[in-house]
Amino acid sequence: MGCIGSSQAKNEGVKRKKIRKPKPWAHTEPITRAQLTNMREEFWDTSPHYGGQREIWDALRAAAEADQLKLAQTIVDSAGVIVENSDLTLCWDERGARYELPMYVLREPTNLITEQGQ
């Protein structure tokens, strides 16, 4: 016998939260795809400095950039990420480190400016 939470130490019996596509959102002001790309790159380049493990940040980036939710789910599950918010905005690792992802790395804003000539 053990306490109720002891089964979480193993990955057996733990119900993994199924991830979903984030809800549409708008940036405070319209931005271009280039600006969005720069924001994303800056976030991912600095994310390990927020704490947590580099491997988990890499897995979260791969999941955020995955073309299919099923692939993103597999990546998150394989890395042992505990998803608190099903849109991946708040996650934890098995050691209890917190990982917060901004919406702009998860989905394009509704007010993205389409650049002419592309």
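Sequence positions, counted from 1, serve as the residue numbers for this chain.
Side chain of W57 to backbone of S47: a donor-acceptor contact under 3.5 angstrom is found. K17 places no side-chain N or O within 3.5 Å of a backbone atom of S86 that could act as its donor or acceptor partner. Within the 3.5 Å criterion, the main-chain N or O of D87 finds no donor-acceptor partner in the side chain of N85. A distance-only check finds a donor-acceptor pair linking the side chain of N111 to the backbone of H27 [under 3.5 Å]. Judged purely by atom type and a 3.5 angstrom limit, T46 uses its side chain to pair as donor or acceptor with the backbone of F43.
Contact annotation: the side chain of Q53 never approaches that of D58 to less than 4.5 Å [non-hydrogen atoms, C-beta and beyond]. V76 is listed as a side-chain neighbour of L88, based on a closest heavy-atom distance under 4.5 Å. Using a 4.5 Å heavy-atom cutoff, the side chains of M103 and T89 are in contact.
Separation of atoms CD1 (I75) and NZ (K70) is listed at 13.0 Å; rounding is to 0.5 Å. Put simply, CD on Q35 and CG on L112 are 9.0 Å apart, with the number rounded to the nearest 0.5 Å. Rounded to the nearest 0.5 Å, atoms CG (L90) and CD (E100) are 5.5 Å apart. Remark: R61 CZ to R40 CZ distance equals 10.0 Å, nearest 0.5 Å. One distance of note links CD1 of I56 with OH of Y99; it measures 5.0 Å at 0.5 Å rounding. For the atom pair I82 CD1 and D77 CG, the distance stands at 11.0 Å (nearest 0.5 Å).
Qualifying salt bridge (charged side-chain N to carboxylate O under 4.0 Å, His left out) partners for R107, counting only residues two or more places apart in sequence or in other chains: none. Residues passing the salt bridge (charged side-chain N to carboxylate O under 4.0 Å, His left out) test with E108 are R33, sequence neighbours excluded.
What you find for A72 and A63 is that their closest heavy atoms are CB-O, 3.4 Å.
If you chain together hydrophobic residues whose side chains sit under 4.5 Å apart, V81 and Y50 fall into the same group.
Residues N38 and E42 have side chains that never bring a donor and an acceptor to within less than 3.5 angstrom of each other.
Other residues, nucleotides and ligands contribute more than 12 heavy atoms inside 6.0 Å of the CG atom of D45.
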From CA spacing to verdict: side chain to side chain contact (heavy atoms under 4.5 Å, CB included), I31, M39:
CA-CA 10 Å; I31 59 172; M39 290 169 59; 4.0 Å; yes
Assess the residue pair W25 and T110 against the criterion (side chain to side chain contact (heavy atoms under 4.5 Å, CB included)); give the C-alpha distance rounded to whole Å, side-chain angles, the decisive distance to 0.1 Å, and a yes or no.
CA-CA 6 Å; W25 67 283; T110 56; over 6 Å; no
From CA spacing to verdict: side chain to side chain contact (heavy atoms under 4.5 Å, CB included), L60, C91:
CA-CA 9 Å; L60 288 171; C91 301; 4.1 Å; yes
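Hydrophobic cluster membership of I113, counting Ile, Leu, Val, Met, Phe, Trp and Tyr whose side-chain heavy atoms lie under 4.5 Å apart directly or via other members: none, as it forms a cluster of its own.
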